[in-house]
Amino acid sequence: MKTTTRENAFIWFGAGVSIAEILTGTLIAPLGLGKGFLAILLGHLIGGGLFFLAGLIGGKTGMSAMETVEISFGTRGSKLFSILNVLQLVGWTAVMIVSGAQAAAGVVSLGGTWVWSLLIGALILVWVLVGITNLGKMNTVAMGALFLLTVVLSIVVFRGEANVSGGAGLSFGAAVELSVAMPLSWLPLVSDYTRTAKKPFGATLASTVTYSLVSIWMYMIGLGTALFTGETDIAMILTKAGLGVAALVIVIFSTVTTTFLDVYSAGVSCESISKKMPEKPAAIAVCVLGTLLAIFTPITQFESFLYLIGSVFAPMAAILITDYFILKKDSRKKGFDVSNLILWAFGFLFYRLMMQVDTPVGYTLPAMLVIGLVCVAVHGIRKQ
């Protein structure tokens, strides 16, 4: 069953309305309001461009995100990335559930964060059982409520006087990179949703524009909150705003609509690893596992490990985008594309080194451009 352009836009609206994005926006406060906004805008232009290109590949080929990886790395080579993707998505599912539960418990205490973790996990499970192509009216109602409540939150945050002066502790390039980070995190997932689009280009463009605008909005709420209220704790922000039940709706449904995409894509990646793991049962298993990890383990201690895994996918995406759009190369008939796997290993090391370099546009864009150019050069030499 194919999805409409509007349905794809709603999916990514839900992904953009995120507690994590608001909290990331608070970190940009040292730049002040003006420079902070410029950094957020530039970061989302970079990240949104990469998001669009990755999503368009899935839309045009009808393949899931990890299936498109076969184009560059072969049918067996792509399984490495599928396994790493499932691993990081299970981890991020738990982190997102914990973050939402802690924020919800800060607004209304119901006996501890485990109760809220269980409730959020149960709602994500409902989204999974309904399925991506049947969310329709349910997603429309949830998105409508989130939109109205986010408007109210924005008004509450920005109605005071801000401390707009810049401060020490964060460079402009680092702020740009913080803004690239969220769109970049969706690169291993976006094609899971554009692959079913009736109009691949239109749906991918709508998804990119919708997600980017909403994500910028969330970052600005976080930035404004830190400057106008001096708070970086989302629970305190919502409590001070006096939103009551509305605050709970924002916390719970923003967590559910964002984390659902992680859970669903983990199921799709499982099916890419083996057809014996169908996507919906696998997604249910990931949801249950993520919820249990959120309740019983100190999952936030593993975030640095999850970021390490995440840095796998930027060089992978750079090679895939180069192969598909520039070299017109397809390795799906191979088990392994050894040359691209070697290029990816170089790209991974180069990307990790670039993370230590401060440029006005962050490190992701320069690193991916270099990796793409090396890819073109290597395959050009091989052809000759």
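Between the E177 side chain and the Y363 main chain, a donor and an acceptor come within less than 3.5 Å of each other. Of the possible donor and acceptor atoms, one in the side chain of K79 sits under 3.5 Å from a partner among the backbone N and O of I273. In this structure, the side chain of T4 does not engage the main chain of K198 through any donor-acceptor pair within 3.5 Å. Using a distance-only test at 3.5 Å, with no hydrogens or angles considered, no donor-acceptor pair links the side chain of S18 to the main chain of A15. Remark: side-chain polar atoms of S191 are paired, donor with acceptor, to backbone N or O of A54 under 3.5 angstrom. The backbone N or O of M66 sits nowhere less than 3.5 Å from a side-chain atom of S82 that would complete a donor-acceptor pair.
The shortest heavy-atom contact between G173 and D358 is CA-OD1, 3.7 Å. Nearest approach of G121 to C287, heavy atoms of both residues: O-SG, 3.3 Å. Contact record, S265 with L89: C-CD1, 3.8 Å, taken as the closest heavy-atom pair. Scanning both residues, P366 and T359, for their nearest heavy atoms gives CG-OG1, 4.1 Å. Counting all heavy atoms, side chain and backbone alike, V128 lies closest to I284 at CG1-CG1, 3.9 Å. Smallest separation of non-hydrogen atoms from V176 and P360: CG2-O, 3.7 Å.
Counting heavy atoms from C-beta outward, V69 and S272 have side chains that stay 4.5 Å or more apart. S154 has its side chain within reach of W217: a pair of non-hydrogen atoms, C-beta onward, lies under 4.5 Å apart. Using a 4.5 Å heavy-atom threshold, the side chains of V338 and I342 count as touching. With contacts defined as side-chain heavy-atom distances shorter than 4.5 Å, the pair F81/P188 does not qualify. Side-chain atoms of V251 and W116, non-hydrogen and from C-beta on, never get closer than 4.5 Å to each other. In this structure, F73 and M316 have side chains that are in contact, with non-hydrogen atoms separated by less than 4.5 Å. Between T364 and M368 there is a side-chain heavy-atom pair separated by less than 4.5 Å. Residues I57 and I71 have side chains in contact (heavy-atom distance under 4.5 Å, counting atoms from C-beta outward).
Grouping the Ile, Leu, Val, Met, Phe, Trp and Tyr side chains by contacts below 4.5 angstrom, directly or via other members, places I250 with Y211. Hydrophobic clustering (ILVMFWY, side-chain heavy atoms < 4.5 Å, transitive): V357 and I371 are in one cluster. Cluster membership check: V263 shares its hydrophobic cluster with I120, using side-chain heavy-atom separations under 4.5 Å among Ile, Leu, Val, Met, Phe, Trp and Tyr. In the hydrophobic cluster analysis, where Ile, Leu, Val, Met, Phe, Trp and Tyr join through side-chain heavy atoms closer than 4.5 angstrom, W186 is grouped together with V209. Both L369 and Y324 are assigned to one and the same hydrophobic cluster, defined by single-linkage of ILVMFWY side chains at heavy-atom distances under 4.5 Å.
Once rounded to the nearest 0.5 Å, the distance linking CG of N340 with CZ of F346 reads 13.0 Å. Atom OH in Y219 sits 5.0 Å away from atom OG in S179 (nearest 0.5 Å). Taken to the nearest 0.5 Å, the CD1 atom of I124 stands 4.5 Å off from the OG1 atom of T259. In this structure, T5 OG1 and F10 CZ are separated by 12.0 Å, a value rounded to the nearest 0.5 Å. The structure places CD of Q102 at 12.0 Å from CD1 of I97, a figure rounded to the nearest 0.5 Å. The CG atom of N85 sits 5.5 Å away from the CG atom of L189 when rounded to the nearest 0.5 Å.
Sparse packing is recorded around NZ of K60, with 12 or fewer heavy atoms of other residues, nucleotides or ligands lying under 6.0 Å away. Around atom CZ of R6, no more than 12 heavy atoms belonging to other residues, nucleotides or ligands sit under 6.0 Å away.
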Applying side-chain contact (heavy atoms from CB on, under 4.5 Å), run through I83 and L87 and close with a yes or a no. CA-CA 6 Å; I83 292 167; L87 185 60; 5.6 Å; no
Apply the test side-chain contact (heavy atoms from CB on, under 4.5 Å) to residues T322 and V376: give CA-CA distance (whole Å), side-chain angles for both, the deciding distance (0.1 Å), then the verdict. CA-CA 7 Å; T322 303; V376 170; 3.5 Å; yes
Start with the C-alpha gap between L123 and I252, add the side-chain angles, then the distance that decides, and say whether side-chain contact (heavy atoms from CB on, under 4.5 Å) holds. CA-CA 9 Å; L123 285 171; I252 292 173; 3.5 Å; yes
I'd like to know whether T255 forms a side-chain contact (heavy atoms from CB on, under 4.5 Å) with S99, so could you lay out the CA-CA distance, the side-chain angles of the two residues, the decisive distance to 0.1 Å, and finally the verdict. CA-CA 8 Å; T255 304; S99 300; over 6 Å; no
Taking only distance into account, with no hydrogens and no angle test, what donor-acceptor pairs under 3.5 Å do side-chain atoms of residues 34-51 form with protein atoms, sequence neighbours excluded?
residue: H44; atom: ND1; partner: I40; partner atom: O; Å: 2.8
residue: H44; atom: NE2; partner: S215; partner atom: OG; Å: 2.6

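Two rings, from F201 and F52, have their centers less than 6.0 Å apart. In this structure, Y193 has its ring center under 6.0 Å from that of W12. Aromatic pair Y264/W127: ring centres not closer than 6.0 Å.
With no hydrogens or angles considered, a side-chain donor-acceptor pair links T3 and N8 at under 3.5 Å. Between S78 and E67, the side chains place no donor N or O within less than 3.5 Å of an acceptor N or O (distance only, hydrogens not considered). With no hydrogens or angles considered, no side-chain donor-acceptor pair links T75 and R332 at under 3.5 Å.
A salt bridge links E279 to R195: one of the charged nitrogens lies within less than 4.0 Å of a carboxylate oxygen. Using a cutoff of 4.0 Å between basic side-chain nitrogens and carboxylate oxygens, D337 and K329 are scored as salt-bridged.
Only one option out of L261, V98, D262 pairs with T93 in a side chain to side chain contact (heavy atoms under 4.5 Å, CB included); it is D262.
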